[in-house]
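Single-structure report; data block below.
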Amino acid sequence: MNPRRSASEAHEKIPTLIFDSSASAAASLAREVKELIEAKNREGKAAVLGLATGSTPVPFYRELIRLHREEGLSFANVSSFNLDEYFGLGPDHPESYYRFMCDQLFDHIDIPKANIHLPSGTVASDQVFEHCRQYEEMIDAAGGVDLQILGIGRTGHIGFNEPGSSRESLTRRITLDRITRQDAAADFRGEENVPRFAITMGVGTILRAKKIALMAWGENKAGVVARAVEGEVTDAVSASFLQEHPQSRYLIDQGASRELTRVKLPWLVGPVRWSPQETRRAVCWLSNSLKRPVLKLTDEDYNEHGLSDLLSEQGPAYQLNIRIFNQLQHTLSGWPGGKPNADDTFRPERANPYPKRALVLSPEPQDATVSMGSTLDRLREQGHEVKLVSMTSGSLRVSDAEADKFASILLELGITAPASWKEQTEYAQRILSLLESKGAFGEDPLELRKLKALVLRGELRDSAQALGLPQDRITFMDLPFYEKGRYRRFKLEAEDTAHIVQLLREFQPHQIYITGDAADPSSVSALCFRALKEALKEAPSDGPCSVWLYRGKEKALEPWEIDMAMPISPMQLELKARALTRYTSLTSMELEATKTNQGTAQAYDSLGLANYEAIESFQRWQS
Ligand code: GLP
């Protein structure tokens with residue numbers, strides 16, 4: 001399947017299909033699988049599928065299940081070979097890939113258990129070599145993989161073929177890369193719990209498949225997708241080896257396409273319709289690449305760097321520069337809730353009403369502090385009615401050590417007055433024994449999960465206090481989808497939206513802050529945003545209500561994407577850093593939040609705007 005390529009795709013070395021959403025990409029691939037199975041059935045043969053784990057294929061598996069249930073697609077004549085398995089995890093371990101595949105696909109379709117193959121995570125160390133050899137043999141004996149499904153890790157790995165895996169590599173045991181283990185940290189509640197090894201099909205094994213389809217969603221994958229699709233074939237990005245396979249292709253959504261030349265620098269590969277945003281992006285890009293402030297760009301600069309079209313349409317440079325400079329300038333505002341009694345023609349937020357009811361939605365408890373702690377502080381200080389809502393409990397992020405700490409203190413307190421602390425002591429003992437019996441990797445029983453949620457509540461209260469936000473401004477929503485699910489496989493339901501509808505009706509916000517859906521569509525922040533969008537349809541606000549998107553764990557907004565830039569002084573930045581120290585469960589990326597804010601300020605400075613210490617940034621959501 002090699003779709004005809006247009007000139008704009010000239011930089012791409014693998015056919016790459018960009019879809020509107022992961023759902024539509026997944027539906028198209030699922031339909032292809034249906035056709036494959038039916039064609040094989042007609043030949044009286046079994047279809048052999050190579051399957052992958054991770055959040056990426058989840059919408060694809062849901063669609064296969066739907067085709068099975070609603071369109072009668074049978075998997076009775078299908079064999080499957082999974083790419084990989086964590087070494088050291090048995091099939092019943094909640095994070096084993098075997099369990100993942102059963103939960104996400106196998107238990108919901110009619111594939112015979114005997115046709116399912118995954119490498120074993122519990123094979124004895126001295127048997128690994130033989131086990132891997134047999135896995136290869138089994139694939140060949142089945143006639144080879146007809147269609148291999150892949151996701152891509154942030155290191156560019158396919159399966160678990162970490163950087164350095166050769167083109168010829170076969171199924172083997174591999175040591176996991178640090179970034180891969182960081183990315184799996186939330187699944188295992190802490191990086192230290194992530195297995196160090198895995199058994200994976202090799203690059204050579206994967207390339208033997210007759211067809212290959214690699215899926216990738218969200219901005220976090222955009223950089224590595226661009227390297228794999230447009231860069232050299234290199235063992236530093238094992239997904240780049242797909243360039244050498246004649247029947248391979250990438251299926252990606254808008255977010256994952258963002259670093260491709262045709263999306264990022266479209267003027268280099270063809271004519272462009274110069275929308276205001278595209279214009280702003282081109283000017284910022286030019287300024288960035290020439291390391292020259294916007295106001296110093298010349299006609300020649302535009303002409304010599306592929307922007308002659310833009311110049312002839314909107315030039316001369318002097319006028320274009322001033323216009324874009326002013327636009328950027330107008331994004332800067334220390335009044336996130338709007339400046340009362342001021343002309344707001346060029347301000348990001350309207351002046352009236354004042355004060356505003358500002359609803360700050362934090363998908364997981366720490367998100368808002370990490371990404372907009374200083375803005376929260378500013379809104380409160382400027383007299384707005386701030387409501388900070390933690391949408392999910394975040395309990396899955398809290399380590400066993402935190403629960404252990406709490407239970408141990410309680411137990412010790414009990415010793416001081418054994419009679420009156422009887423129940424509390426029993427509770428503490430129960431928690432400690434739950435921790436011991438479930439082990440480092442086990443699923444948390446409900447009682448433990450509740451305690452972990454309370455630990456995080458305490459941390460959020462502490463950090464809000466550091467920002468001067470009173471306790472009564474904080475609401476804990478505990479959306480059910482989170483309580484019922486696990487990372488990478490959450491499923492939003494109507495009841496989640498219902499909770500938000502109620503909140504909107506009660507609070508009637510004038511402005512809402514929330515993370516958008518730029519990252520993985522299965523992430524907690526993307527699901528919370530989707531629930532808000534549904535809720536806004538059901539409960540539209542009476543008057544105008546602006547929705548401001550902030551970036552959470554994802555890449556920070558680029559200056560050309562920013563609609564409101566909130567400058568932060570050195571003292572305010574210190575305050576935010578202090579508020580962040582109240583959380584024990586921040587990822588390394590979240591701990592860098594203040595550096596990210598400084599990076600945005602530097603980007604504004606380089607464009608020739610004021611030189612601030614740091615900036616928190618927001619994008620206006622256009623529904
Ligand atoms: C793991 C899996 C890969 C998967 C990758 C990305 O490393 N072994 O097969 O592609 O994670 O995961 P996700 O799809 O959750 O981003």
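Counting starts at 1 for both ligands and their atoms, in listed order. Here the structure is a predicted model, which is why all the values come from computation and not from measurement. Computed over heavy atoms, backbone and side chain alike; hydrogens, waters and symmetry mates excluded.
In this structure a side-chain-to-backbone donor-acceptor pair under 3.5 Å is missing from Asp20 to Gln254. The main-chain N or O of Pro91 is found under 3.5 Å from a side-chain atom of Ser96 such that the two form a donor-acceptor pair.
Considering only non-hydrogen protein atoms, atom 8 (N) of ligand 1 sits nearest to Asp84 OD2, 2.7 Å. Atom 14 (O) of ligand 1 has its closest protein heavy atom at Thr56 OG1, 2.4 Å. Of all protein heavy atoms, the one closest to atom 6 (C) of ligand 1 is Ile152 O, 3.6 Å. What sits closest to atom 7 (O) of ligand 1 on the protein, heavy atoms only, is His157 NE2, 2.7 Å. With hydrogens left out, the protein atom closest to atom 9 (O) of ligand 1 is Gly159 O, 3.7 Å, a heavy atom. Nearest non-hydrogen protein atom to atom 12 (O) of ligand 1 is Arg488 NH1, 3.3 Å. For atom 16 (O) of ligand 1, the closest heavy atom belonging to the protein is Lys221 NZ, 2.6 Å. The protein atom (non-hydrogen) at minimum distance from atom 4 (C) of ligand 1 is Thr53 O, 3.9 Å.
Considering backbone and side-chain N/O atoms, Gly54 never comes within less than 3.5 Å of an N/O atom of ligand 1. Inclusion of Thr180 in the set of residues having an N or O under 3.5 Å from an N or O of ligand 1 is not warranted.
Ionic pairing of Lys484 and Glu495 is present here: one or more N-O contacts between side-chain nitrogen and carboxylate oxygen are shorter than 4.0 angstrom. Note on Glu136 versus Arg133: no salt bridge recorded, every NZ/NE/NH1/NH2 to OD/OE distance being 4.0 Å or above.
Under 3.5 Å, the side chains of Ser165 and Arg172 contain a donor-acceptor pair of N or O atoms. A donor-acceptor contact closer than 3.5 angstrom is absent between the side chains of Thr155 and Asp177. Ser585 and Gln366 are not linked by any side-chain donor-acceptor pair at a separation below 3.5 angstrom, with hydrogens and angles left out of the test.
Using the six-membered ring where Trp is involved, Tyr86 and Tyr97 have ring planes that are tilted, between 30° and 60° apart.
The contact set between ligand 1 and Gly151, taken as ligand atoms under 4.0 Å from a residue heavy atom, comprises 10 (O).
The proximity of Leu150 to ligand 1, defined as any non-hydrogen pair under 4.0 Å, does not occur for either the backbone or the side chain. Using a 4.0 Å cut-off between heavy atoms, Tyr97 contacts ligand 1 through its side chain alone, with no backbone atom that close.
The six-membered or imidazole ring of Phe160 lies away from that of Phe87, with a centre-to-centre distance of 6.0 Å or more.
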